[in-house]
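Read the structure below first, then the notes.
In what follows, chains are A, B, ... by sequence order, proteins preceding strands, each numbered from 1. Computed over heavy atoms, backbone and side chain alike; hydrogens, waters and symmetry mates excluded.
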Protein chains: 2
Amino acid sequence: MPEPGSLSRSSSTAKPSAASTSNSIAVGAKIRHDIITGVHPPGGKLREAALAKQYDVSRIPIREALRSLESEGLVESRPYSGSMVAPSPIEDAEDLFEIRIVLESATAKRAAKRAAQQSNGEAPDERWRMIRKEINEILAAGDIVIGEERYEDLAVLNMRFHFAVAELSGSLSFVSLLRQISGKIEWLYSLNVTRRGPQAWPEHRDIIAAIDAGQETKAAEVMGQHVRRSRDSYFAMMADRPS
Amino acid sequence: MPEPGSLSRSSSTAKPSAASTSNSIAVGAKIRHDIITGVHPPGGKLREAALAKQYDVSRIPIREALRSLESEGLVESRPYSGSMVAPSPIEDAEDLFEIRIVLESATAKRAAKRAAQQSNGEAPDERWRMIRKEINEILAAGDIVIGEERYEDLAVLNMRFHFAVAELSGSLSFVSLLRQISGKIEWLYSLNVTRRGPQAWPEHRDIIAAIDAGQETKAAEVMGQHVRRSRDSYFAMMADRPS
DNA sequence: GCTTATTGTTTTGTATACAAACTTTCAGTA
DNA sequence: TACTGAAAGTTTGTATACAAAACAATAAGC
């Protein structure tokens, strides 16, 4: 018995979840991690009693975690029938990339718009400066992680970067919508991170440059290109490995 | 004491929720309805014990319902601190409309693309025909409802129409993403349905016409215009009533 | 042999009970 | 009077126990 819960470093993920219960959050993060890393295979049944024993909590936190994962699309449930791991995100890769293209182009555009407003001194937003600073740290951390080839951490940093851009947009709605699909995006990304990661990371600086310059259209375009390249890289990878 | 749960016809909503538990679904739908109709005012605290008594169930289904509503953005929670009704969607109206513009333009575009494939006889998709037929019924039902000025039902039909278009796109990811914000959209829509509803309904036929013709670009454009008009109508309404 | 009813088992759904954490209140002090 | 601090009270978080529904296996009937 592999004891799935015990082998996951709960600190490895940046916990983008906005759930509620203290323990449920931790358990949910563990199960999410174990789904993404394949400990719980796609289509596999998730019995509440078994999970409760594995993660050493009662069924209640397990249920809450499963509800949260269900809303992220990582788990599917039917009343009185139980939960199972969602089919591999490979199935809706095309859709997910298209959603990212339209959503994230919009966030980049809005972020650039706000940047322009900032430089006009219109609104000296402290929160904006904080997030903008955090992005620099994320980018620097990514450079290091790539040098050390710690790709699992790169996947997390990549997610954090895209969330940060969404936060720059100033729209909580966009952030929370992005969060809804972040589970599947990260799942998908982790399948190709060794190939795409090092190539993709420098592109993030181009996105930020356009945002900083306040060029709305260009920011949207660069972000769209970025996601499109991720998509193409993903499908190229799939073509190479038709496993 | 107004007994909030008892005055909601649970059959009035088409239950777009994909939650799980039998009773939790019903309770969640009731609470959602009571939030949208203002029984639970924005910012109001939602105590689990009180809700349990009001809706005559235990705290467990209440909790599950609150989690579901939280993921829809209708409720906000903090660990050990409780839940409250989210601030009125008025706050993020601009964002919600922008999200709808980019998302629903994409669904309309994809639906048109699939329609073109259908007419080429490429894939005789039975499910497509079923949804397409359902749309005709929705449109007809809307005409009747407008004639009778039953605007609450129109809000539901409007939501069903936009969901149906998303389903025509063939992408479950788009549908579930739309579902995530459907609560707030419906909430927002219900504030302006008497004004916008009758005006907006005929536009739906233009959208479907473009989709049926397989004109991707036009379908996206018409859908975008449709949502933009809703947005403008909404803000015009807000300007008239600065309550 | 195949379909269908029936019962037994398993699993989820819900209620109750208890533990943990936050909030508020109220002294006490500077 | 304003502020710090602790303790009571309230509310959420979790565990256990029981009820209801789905699933599976078996047997009866055609």
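- When only modelled atom types and interatomic distance are considered, A/Tyr55 and A/Asn23 share no side-chain donor-acceptor pair under 3.5 Å.
- The CZ-C1' distance, from A/Arg59 to D/dC18, rounds to 11 Å in whole Å.
- Counting to the nearest Å, the P atom of C/dT23 and the NZ atom of B/Lys45 are 8 Å from each other.
- Regarding A/Arg47, its CZ atom lies at a distance of 16 Å from the P atom of D/dA22, rounded to whole Å.
- Contact annotation for A/Leu66: no contact, since no heavy-atom pair falls under 4.0 Å across all strands.
- Atom-to-atom, OH of A/Tyr55 to C1' of D/dG13 comes out at 20 Å; the value is rounded to the nearest Å.
- A straight line from CD1 of B/Ile62 to C1' of C/dT16 spans 15 Å, rounded to a whole angstrom.
- The distance between atom CD of B/Glu48 and atom P of C/dT16, rounded to the nearest whole Å, is 15 Å.
- Of all nucleotides listed (D/dC23, D/dT14, C/dG13), D/dT14 comes nearest to the side chain of A/Asn23.
- Side-chain contact between B/Leu168 and B/Arg114 is absent, with no heavy atoms from C-beta onward closer than 4.5 Å.
- For the pair B/Arg78 and C/dT23, the criterion of a side-chain N or O lying under 4.0 Å from OP1 or OP2 is met.
- Residue B/Leu46 is in sugar-phosphate contact alone, with no base atom involved, counting any heavy-atom pair closer than 4.0 Å across all strands shown.
- Contact check, B/Ser81 against C/dA21: no side-chain N or O comes under 4.0 Å of OP1 or OP2.
- The distance between atom CD1 of A/Ile60 and atom C1' of C/dA19, rounded to the nearest whole Å, is 14 Å.
- B/Asn158 and B/Tyr151 form no side-chain donor-acceptor contact under 3.5 Å, judged by distance and modelled atom types alone.
- Using a 4.5 Å heavy-atom cutoff, the side chains of B/Leu96 and B/Lys184 are in contact.
- For A/Lys53 and C/dT11, the NZ to C1' distance is 14 Å, given to the nearest whole Å.
- Using a 3.5 Å distance cut-off with no hydrogens or angles, the side chains of A/Ser77 and A/Ser83 do pair a donor with an acceptor.
- Closest-nucleotide positions on DNA chain C for B/Ser58 and A/Ala49 were compared, and the one nearer the 5' end corresponds to A/Ala49.
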